[in-house]
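Comments concern the structure below.
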Amino acid sequence: MDADLSDSKKPAINFIREIIDKDLVTNKYNQKVHTRFPPEPNGYLHIGHAKSICLNFGIAIDYNGQCNLRFDDTNPSKEEIEYVNSIQEDVHWLGFDWEDRLFYASDYFERLYNCAVQLIKDGKAFVCDLTADQLREYRGTLTEAGKNSPYRNRSIEENLTRFEKMKNGDFPDGTHTLRAKIDMASPNLNMRDPVIYRILKVPHHRTGDTWYIYPMYDFAHGISDAYEGITHSICTLEFEDHRPLYDWFLNELNFKHHPQQIEFARLNLTYTVMSKRKLLQLVEEKIVDGWDDPRMPTISGLRRRGYSPESIRNFCDRIGVAKRENVIDVALLEHSIREDLNKKAQRVMGVLRPMKVVIINYPEHQTEELEAVNNPEDPSMGSRKVIFSRELYIEKDDFKEDPPKKYFRLSPGNEVRLRYGYIIKYVDAIKDASGEIIEVHCTYDPETKSGSAQSQRKVKGTIHWVSANNNISSEVRLYDRLFNTEIPEGKGKDFRENLNPKSLEILSDCKLEMFLKDTKPGETFQFERQGYFCLDKHSSNKNLVFNRTVALRDSWTKIENQK
RNA sequence: UGCCCCGUGGUGUAAUUGGCAACACGUCUGACUCUGGAUCAGAAAAGUUUAGGUUCGAGCCCUAACGGGGCAGCCA
């Protein structure tokens, strides 16, 4: 188990840990704590899975136990090898390690089959010839009991031979099922003689074409847990009604080890969707650029966006674990990544929407090197030199000919400091034919050089800049929330109607400090006054591409928006 | 209309297991600042869905109601 998860400082008690604590006191599982993370490989992992991963692996770490990674691959018609690979990558990236305990439900197909045979021999399961439609009719409704299948009382021998034939592929898909013999009148529909095996003549990504029948989740899951010695089988709320069935299989098959299923509420996030079905839809309809589009709430999307594993783990710690439905404000996720990057990200100046500034009293061919701090939060990160010159770029937004109240940046009559440099004063604005400002002329005060003895003069604002002939051009992608309503998945309506058309803005000619040309993937930067950025995976030497992870908190636009 | 689960500030999660509700995010002030960032100080915000009951005392226990969610795949 990865021991370097130093951010997991506080135990963060929750109802699941209380259950475990109690089990330890009563010695229910001989002082063992063994969990598992059981994804189905039918999609990429998302931030909701991260909650489950942090929960399961986190408990194992804190209780000195173990956590398995087990693929719940019992439905080959939906599952793919691409997903099993991405899932492993994502769990590792998050910082967790299953060591040698990588399992697949398909590892147990033979044993699962034998369990089914045992159930038949004990008269607790039967082969049913009802079609899917008939099965639904026989099941009854939420308020009415179901009816027994006409095939319910077949002899054990007949069941055995028919199940054997199912296994051998003698029947077409959908013609037969193996069902547990429980109670068609149970108020819990899951107990109304549930299907435990179905015919699926589909090749499996691991077992190939050796099986024509596949076990259902309810049958496979508990038994797999028991085989692996899982003590606490943690799953989401919708499986609550399945727990009696989980227990039934283990009891009827006389398992000596009986894991405890515990259910918790899945994560919901504002301004996003979390269901795999909807995420798949976004990918397939090309609404986003694949599973790892930086706007996706997938682990791979967050990674490409620039989120760190630490920040996601901290986020998962903060949201807690409980049984009630919840919707977490994305602002909490954003806070988690800002908190982390504030401490770690190298500061740099980058002008996203450049406008030229000419310092008219600065000598034409002179340049000088100015000292710039790499991270005020961490002096050990040192400093660097930035080139100052007569012609610079500043942010379009940082000059206003006719400024609103409380505007602290450059404007006629209002001085600003150029960060790490001099204080400058407006002289003139050059406009194009359409009246748009294309260049601003200023003077600088040589006495105010940053760090010099006379640099103490106070000005309200400091703006970032970059030398006009010493910079690197780059594409920058500004990401915003994918949806413009808090809860995009309203019942009945199409979640795609709430897509935010401005969730991606591409800026093509941004001017960045020169040294950014040697950026390596994985490095994170704060573009001062703007946000945190990282190199996109499609970036190249020819065409630099930076992704904005998250903007800095911005009290100015807040003031602006209030008006 | 059957069964199961859940109701604590705007959002989440706590409350030494019965002792007059805390923390985080967010919001709002103010200070500081060569990032309108960060940091610091402070404020507003729930009397715990409601009504009964037990108790000296209930967010924690009991009952009922109300509200929200889940369940009728040969999905997981």
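A note on names: the letters A, B, ... follow the listed sequences, proteins ahead of strands, and every chain is numbered from 1.
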- Message: ring-ring contact (aromatic ring centres under 6.0 Å, His included), that's the test. Do A:Phe163 and A:Tyr113 meet it? Break it down for me.
- Response: CA-CA 10 Å; A:Phe163 189 46; A:Tyr113 176 81; 5.0 Å; yes

Taking only side-chain nitrogens and oxygens of [X], does any of them come within less than 4.0 Å of OP1 or OP2 of [N]?
| X | N | answer |
| --- | --- | --- |
| A:Ser555 | B:rG37 | yes |
| A:Arg139 | B:rG73 | yes |
| A:Thr131 | B:rC74 | no |
| A:Lys323 | B:rG69 | no |

I'd like the [atom1] distance from [M] over to [N], given in whole Å.
| N | M | atom1 | answer |
| --- | --- | --- | --- |
| B:rA21 | B:rU49 | P | 15 Å |
| B:rG47 | B:rG59 | C1' | 9 Å |
| B:rU54 | B:rC62 | P | 15 Å |
| B:rC28 | B:rC75 | C1' | 48 Å |

- Query: With no hydrogens and no angle check, do the side chains of A:Arg266 and A:His49 hold a donor and an acceptor under 3.5 Å apart?
  - Reply: no

- Task: Verify the distance criterion only: is there a donor paired with an acceptor across the side chains of A:Arg419 and A:His464 at less than 3.5 Å?
- Result: no

Give one of base, sugar-phosphate or nothing for [X], where a contact means two heavy atoms less than 4.0 Å apart.
| X | value |
| --- | --- |
| A:Glu377 | base |
| A:His221 | nothing |
| A:Glu18 | base |
| A:Asp72 | sugar-phosphate |
| A:Arg338 | nothing |
| A:Tyr197 | nothing |
| A:Pro376 | base |
| A:Val321 | sugar-phosphate |

- Item | Stepwise ring-ring contact (aromatic ring centres under 6.0 Å, His included) check, A:Phe546 with A:Phe527 | CA-CA 11 Å; A:Phe546 280 91; A:Phe527 290 7; 5.6 Å; yes

- Task: Provide, to the nearest angstrom, the distance between the CZ atom belonging to A:Arg409 and the P atom belonging to B:rG37.
- Result: 11 Å

- Atom CG of A:Asn375 and atom C1' of B:rG37: how far apart are they, to the nearest Å? 11 Å

- Item | Side-chain (A:Asn561) to main-chain (A:Thr557) donor-acceptor, under 3.5 angstrom | yes

- Task: Give the stems involving RNA chain B, where a stem is 3 or more consecutive Watson-Crick or G-U wobble pairs (i with j, i+1 with j-1, and so on) under 3.5 Å.
- Result: B:2-7 with B:66-71, B:10-13 with B:22-25, B:27-31 with B:39-43, B:49-53 with B:61-65

- Message: I'd like to know whether CZ of A:Arg384 has more than 12 heavy-atom contacts from other residues, nucleotides or ligands below 6.0 angstrom.
- Response: yes

- Query: Would you call A:Leu478 and A:Phe533 a side-chain contact if the rule is heavy atoms closer than 4.5 Å?
  - Reply: yes

